[in-house]
Number of protein chains: 2
Amino acid sequence: MTTELSPRAREIVAVARQLLEEKGPAGLSMRRLADRVGIRASSIYKHLPDKQALEHAIVSTVFEELADEFEAALEHADPVGTMVAIYRRYAKDHPHLYRLMTEQPLQRDLLVPGVEERASLPARLLVGDDPDAGRALWAFAHGMTILELNDRFPPSADIDAAWRAGFDAFRRYAENAQ
Amino acid sequence: MTTELSPRAREIVAVARQLLEEKGPAGLSMRRLADRVGIRASSIYKHLPDKQALEHAIVSTVFEELADEFEAALEHADPVGTMVAIYRRYAKDHPHLYRLMTEQPLQRDLLVPGVEERASLPARLLVGDDPDAGRALWAFAHGMTILELNDRFPPSADIDAAWRAGFDAFRRYAENAQ
DNA sequence: GTCTATATCAAGATAGAC
DNA sequence: GTCTATCTTGATATAGAC
C-alpha cells in the first residue's frame, strides 16, 4: 500500500519519478535509482516491496498533481476548455509520466486510495451529467495526446485544428443534449 | 526494406506475428522465434537485419489486413459505422498487434511503402472532407480502444454507450458542417 | 543458410552479515 | 537500513566454421 509509505520511501519515489521523467521507462532500473539515491539496489527493497509498487507510487503522485490542477480550473471562466488544455499540456511536459499512467492496466490496490477518482472527477463534470459522453471525451483527449506523443499524425496534419474539431463536436453534443 | 523480403523472411515474419499474438511483446524474442521456426536465433539475422525490421514487417501485414477490411466496408449501407466496428473488433481480437501498431513511433521507411496510407484512407473518408475531424474521430476511436484494452474504465462504465455517445457527437458534427 | 560459440549487457530480486 | 555477494533469467547481436 502506498498509503503507508515511510518518509524514506517517499524520497525514493520522488527520485524515481525524476529519473523516469529524464530517462524514460528503460532508464528506470532499480540499480540506477539506487545510484541516484546513494545506496545499493538491494537496499531499495527494504522500503518498497518491488518495482510494481514503485511504479504505482509514482502514478499516485501524478494523479494527485493532476487532480489539484483540475480542481483549480473549476474557478476559471471556461473550466472545460481549461481542463482539456491542462491535460494536453501535462502530457506534453511529462510524456513518460503520462505513458506510465495510461499505457498499462493499473493495479488499483497499489494506488493511494481515492487518487484515481479525484483525478477523474473533473472529467466526469465536463459533459453535463452524461458519464458516457464524459468517457468519450476522455477517450478523445487521450487518443489525441498519445497519438501525438507517438508521432502518429502525418507531418502535414494540423493537430491544433483536430483538437478544436473534436472538442467542438463534444461541446455541441452536450449543448443539444440539454 | 520490407518490400524486398525473401519468401523465407516472410515465413519468419508470419511465425513472429503468431508468436506475438499468443505471447505478447515480451514473448517475442529472437530466440523463441527461432525455436518456433526450427532454426537458431543467429540464423534469423541472415533474413532480417534486426528486431526493428521484424516488428515493422509485422506491422505492415496488419496495415494491409486492416486496409482490406476497410475497403470492403465501403460496400455496406453504413460504411462509417461498419468501419468503426471493424476497428474496434480488430483491436479486441488482436490486442498485441494493435498495441504494436499504435504504441510507438513508426519508422516509416521500414514499412512496406503505401500500407499506412491505405489503412488510413478510409478513416479520412469518414467525416466528409474535413481531415481535422477525421483525425479527431480516429483519436476518439483509438482512445476508446486502448483505454478499454488497458482496463482503464471503471467496472461500472457502459463502454458501448460511450462509443455511441462519441460516435453520435462526430456524426452530428459532420452533418452540421455540410 | 545454418550451425556453434560467444560477446555484451542488463534486468529484478534474495540471503545473510553487520 | 545498509552492505556484499550472488542467483536467475533474459535479451540482441556478431564471428567464423561448414
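Here is how names work: the chains are called A, B, and so on, in the same order as the sequence lines, proteins then strands, and each is numbered from 1.
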Gap between atoms CG and P, on Asp50(A) and dT14(C) respectively (whole Å):
8 Å

Determine yes or no for a side-chain-to-main-chain donor-acceptor pair under 3.5 angstrom, with Lys51(A) supplying the side chain and Leu28(A) the backbone.
yes

Separation of atom CE in Met30(A) from atom P in dC9(C), rounded to whole Å:
23 Å

Counting only N and O atoms by type, is there a donor-acceptor contact under 3.5 Å from the side chain of Gln104(B) to the main-chain atoms of Leu100(B)?
yes

Specify the separation, in whole Å, of atom CD of Glu11(A) and atom C1' of dG1(D).
13 Å

Gap between atoms NZ and C1', on Lys23(B) and dG10(D) respectively (whole Å)
16 Å

Salt-bridge test for Asp130(B) and Arg135(B): reply yes if a basic N is under 4.0 Å from a carboxylate O, no otherwise.
no

Any chance the rings of Tyr87(A) and Tyr98(A) have centres within less than 6.0 Å?
yes

Let me have the donor-acceptor pairs involving side chains of residues 64-74 of chain A, under 3.5 Å, with sequence neighbours excluded, atom names and distances please.
| from | atom 1 | to | atom 2 | distance (Å) |
| --- | --- | --- | --- | --- |
| Glu65(A) | OE1 | Arg17(A) | NH2 | 3.1 |
| Glu65(A) | OE1 | Tyr90(A) | OH | 2.8 |
| Glu65(A) | OE2 | Arg17(A) | NH1 | 3.1 |
| Glu65(A) | OE2 | Arg17(A) | NH2 | 3.1 |
| Asp68(A) | OD1 | Arg118(A) | NH2 | 2.6 |
| Glu71(A) | OE1 | Arg118(A) | NH2 | 3.2 |
| Glu71(A) | OE2 | Arg118(A) | NE | 3.4 |

Distance, rounded to the nearest Å, where Asp35(B) contributes CG and dG10(D) contributes C1'
14 Å

What is the distance from OH of Tyr45(A) to C1' of dC7(D), rounded to the nearest Å?
13 Å

Quick one: do the Gln107(A) and His56(A) side chains pair a donor with an acceptor below 3.5 Å?
no

Would a distance-only check, ignoring hydrogens and angles, find a side-chain to backbone donor-acceptor pair under 3.5 Å from Arg36(B) to Val15(B)?
no

Closer to the 5' end of DNA chain C via nearest nucleotide, is it Pro49(A) or Ser29(A)?
Ser29(A)

Identify each atom pair where a protein N or O and an N or O of nucleotides 2-6 of chain C are less than 3.5 Å apart, giving names and distance.
| from | atom 1 | to | atom 2 | distance (Å) |
| --- | --- | --- | --- | --- |
| dT2(C) | OP1 | Arg8(B) | NE | 3.3 |
| dT2(C) | OP1 | Arg8(B) | NH2 | 3.1 |
| dT2(C) | OP2 | His47(B) | NE2 | 2.6 |
| dT2(C) | O4 | Lys46(B) | NZ | 3.4 |
| dC3(C) | OP2 | Arg40(B) | N | 2.5 |
| dC3(C) | OP2 | Ser43(B) | OG | 3.1 |
| dT4(C) | OP2 | Arg40(B) | NE | 2.8 |
| dT4(C) | O4 | Ser42(B) | OG | 2.9 |

Could you give the angle between the helix axes at the two ends of the helix from dG1(C)-dC18(D) to dC18(C)-dG1(D), with five pairs per end, rounded to 10 degrees?
0°

So, are Arg108(A) and Asp151(B) salt-bridged, with charged N and O less than 4.0 Å apart?
no

